[in-house]
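First comes the structure, then the notes that go with it.
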Protein chains: 2
Amino acid sequence: MSEQMMAEMLEKLRESGVKLTHQRMEIFREIAGRTDHPDAATIYECVRKRLPTVSLDTVYRTLSMLKEAGLISTLGPNQDRLRFDANIAPHHHFVCTKCGKTEDFYCEEFNALRVPSDVLNMGIVEHSHVELRGICSECRRSN
Amino acid sequence: MSEQMMAEMLEKLRESGVKLTHQRMEIFREIAGRTDHPDAATIYECVRKRLPTVSLDTVYRTLSMLKEAGLISTLGPNQDRLRFDANIAPHHHFVCTKCGKTEDFYCEEFNALRVPSDVLNMGIVEHSHVELRGICSECRRSN
DNA sequence: TTCCTAAATAAGAATTGTTACTATTTAGTA
DNA sequence: TACTAAATAGTAACAATTCTTATTTAGGAA
Ligand SMILES: [Mn+2]
Ligand SMILES: [Mn+2]
Ligand SMILES: [Zn+2]
Ligand SMILES: [Zn+2]
């Protein structure tokens with residue numbers, strides 16, 4: 001984790017007018033220092049080593065606040081509940097970030113994207129899936 | 001939902017040696033007949049209209065079994081718990097379908113993919129995110 | 001067809017991930 | 001140093017999913 005990330009965090013949090021508690025510093029320091037996309041429980045266990053009385057609730061609240069402030073993001077479309085797809089043909093998704101609507105689309109080009117060389121070292125790529133995120137027509141109208 | 005999908009389902013389930021219960025038929029019929037990526041509770045409510053005593057547990061078990069058999073899939077990486085990402089630079093992910101490991105990679109080309117015309121009618125695309133799925137080096141070694 | 005048995009089910013309890021409540025503490029300010 | 005709104009710790013509540021167990025049923029055998 002770079003000093004620059006920490007500085008940017010302090011800056012953004014000051015902007016949004018929230019208090020700079022040491023719980024928040026340590027939680028951000030933890031997640032900013034790793035590249036493995038951890039879950040809340042993992043962050044909690046690690047931060048607890050330095051801040052033994054921190055509560056799991058604070059970890060959740062802080063992560064949610066950091067996301068709101070645009071300092072971190074979450075994997076997947078939304079977090080809500082597991083959603084199923086009976087379309088087993090190769091296809092891709094347009095996802096509305098407002099309402100969560102997920103529509104299928106087909107694109108030969110996206111089915112076989114050129115795999116960047118960095119990724120070749122990570123493992124064997126079997127499928128590529130593109131998620132185009134934006135605002136659906138319906139949400140845009142009702143705005 | 002086409003008769004062909006139903007036939008393929010019956011075929012695959014026979015292959016995997018499970019019983020062809022009418023709960024399973026109705027649950028598959030329901031999900032195969034829609035394109036909106038529903039969650040388990042939605043499937044449950046709809047199937048219940050035709051099969052009033054079906055249990056939510058059966059819906060979960062059946063969806064999980066159908067996924068195992070390769071007849072359906074789920075959205076997102078593995079929605080067991082929410083995972084966080086402190087990397088706010090535009091980037092993409094290599095995801096191991098075996099262990100769930102998710103690694104960042106960068107690719108200018110993927111940041112601005114040509115949006116297919118079908119998608120233009122769905123809404124305004126703001127970001128594109130590519131998920132390359134496969135087996136990570138570590139999982140491949142330990143196999 | 002009838003019978004048998006392992007597999008599947010319904011109902012409800014348990015578990016797990018996440019959020020809410022509330023008394024106490026603290027950051028930021030004066 | 002003292003004040004106050006915001007944040008926290010601890011715990012309870014909640015919601016999604018999975019487990020337990022008694023009962024039912026699909027598929028095969030007689
Ligand atoms: Mn789909
Ligand atoms: Mn990432
Ligand atoms: Zn929308
Ligand atoms: Zn792996």
Side-chain angles (χ1 to χ4, degrees), chain A residues 9-31 37-69 71-72 74-84 100, chain B residues 9-31 37-69 71-72 74-84 100:
Chain A
M9 189 269 286
L10 295 175
E11 170 66 17
K12 283 215 183 180
L13 292 197
R14 273 202 202 87
E15 266 175 33
S16 58
V18 301
K19 292 185 176 176
L20 302 177
T21 66
H22 58 120
Q23 286 90 340
R24 285 173 172 172
M25 312 280 208
E26 287 306 321
I27 290 165
F28 181 76
R29 190 190 307 282
E30 183 62 37
I31 187 168
H37 311 91
D39 59 26
T42 303
I43 299 287
Y44 173 60
E45 287 308 328
C46 293
V47 168
R48 211 141 81 106
K49 287 171 191 154
R50 279 168 279 140
L51 230 65
T53 66
V54 75
S55 74
L56 181 56
D57 176 56
T58 295
V59 171
Y60 273 106
R61 257 184 302 103
T62 301
L63 290 171
S64 157
M65 183 272 290
L66 290 170
K67 183 180 178 181
E68 200 64 29
L71 283 157
I72 65 173
T74 48
L75 295 191
N78 274 330
Q79 101 264 21
D80 43 8
R81 37 217 116 92
L82 190 54
R83 293 170 61 181
F84 298 88
Chain B
M9 190 267 286
L10 295 175
E11 171 67 18
K12 283 215 183 179
L13 292 197
R14 273 202 202 90
E15 266 175 32
S16 58
V18 302
K19 290 186 178 176
L20 302 178
T21 65
H22 57 122
Q23 286 92 338
R24 285 173 172 172
M25 312 280 207
E26 287 307 321
I27 290 165
F28 181 76
R29 191 190 306 283
E30 183 62 37
I31 187 168
H37 312 91
D39 58 27
T42 303
I43 298 287
Y44 173 59
E45 288 307 329
C46 293
V47 167
R48 211 141 80 107
K49 286 171 193 156
R50 279 169 281 142
L51 230 64
T53 65
V54 75
S55 74
L56 181 56
D57 177 56
T58 295
V59 171
Y60 274 106
R61 258 183 303 103
T62 301
L63 290 171
S64 158
M65 182 272 290
L66 291 171
K67 184 180 178 181
E68 200 64 29
L71 282 157
I72 66 173
T74 49
L75 296 190
N78 263 332
Q79 221 75 352
D80 42 0
R81 48 214 111 105
L82 189 54
R83 293 171 60 180
F84 298 88

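Below, chain A is the first sequence line, B the second, and so on; all start at residue 1.
Atoms CZ (Arg83(B)) and C1' (dG17(C)) sit 15 Å apart, rounded to a whole Å. Distance, Leu82(A) CG to dT18(D) C1': 13 Å, rounded to whole Å.
Of all heavy-atom pairs between Val54(A) and Tyr44(A), the closest is O-CE1, 3.3 Å.
Nearest-nucleotide positions on DNA chain C for Arg81(B) and Arg24(B) put Arg24(B) closer to the 5' end. In this structure, Gln23(B) and Asp39(B) both approach DNA chain D, and ranking their closest nucleotides by distance from the 5' end singles out Asp39(B).
Rounded to 10 degrees, the angle separating the terminal axes of the helix from dT1(C)-dA30(D) to dA30(C)-dT1(D) is 30°, with each axis obtained from five end pairs.
Residues of residues 45-69 of chain B that place a heavy atom closer than 4.0 Å to DNA chain D, in numerical order, are Leu56(B), Asp57(B), Tyr60(B).
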Next on the checklist: Assess the residue pair Arg61(A) and Thr58(A) against the criterion (side-chain hydrogen bond (donor to acceptor under 3.5 Å, both in side chains)); give the C-alpha distance rounded to whole Å, side-chain angles, the decisive distance to 0.1 Å, and a yes or no.
Outcome noted: CA-CA 5 Å; Arg61(A) 257 184 302 103; Thr58(A) 295; 2.9 Å; yes
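Looking at heavy atoms from C-beta onward, Leu51(A) lies out of side-chain contact with Ile27(A) at the 4.5 angstrom threshold. Side-chain contact between Thr42(A) and Glu30(A): absent, with no pair of heavy atoms (C-beta onward) separated by less than 4.5 Å.
The main-chain N or O of Ala40(A) is never found under 3.5 Å from a side-chain atom of Arg81(B) such that the two would form a donor-acceptor pair.
Judged as a salt bridge (charged side-chain N to carboxylate O under 4.0 Å, His left out), and not counting sequence neighbours, Arg83(A) has no contacts.
Contact between the side-chain N/O atoms of Thr21(A) and the OP1/OP2 oxygens of dA6(D) is not found at any separation under 4.0 Å.
The pair Arg29(A)-Glu26(A) meets the salt-bridge criterion, since a charged nitrogen lies less than 4.0 angstrom from a carboxylate oxygen.
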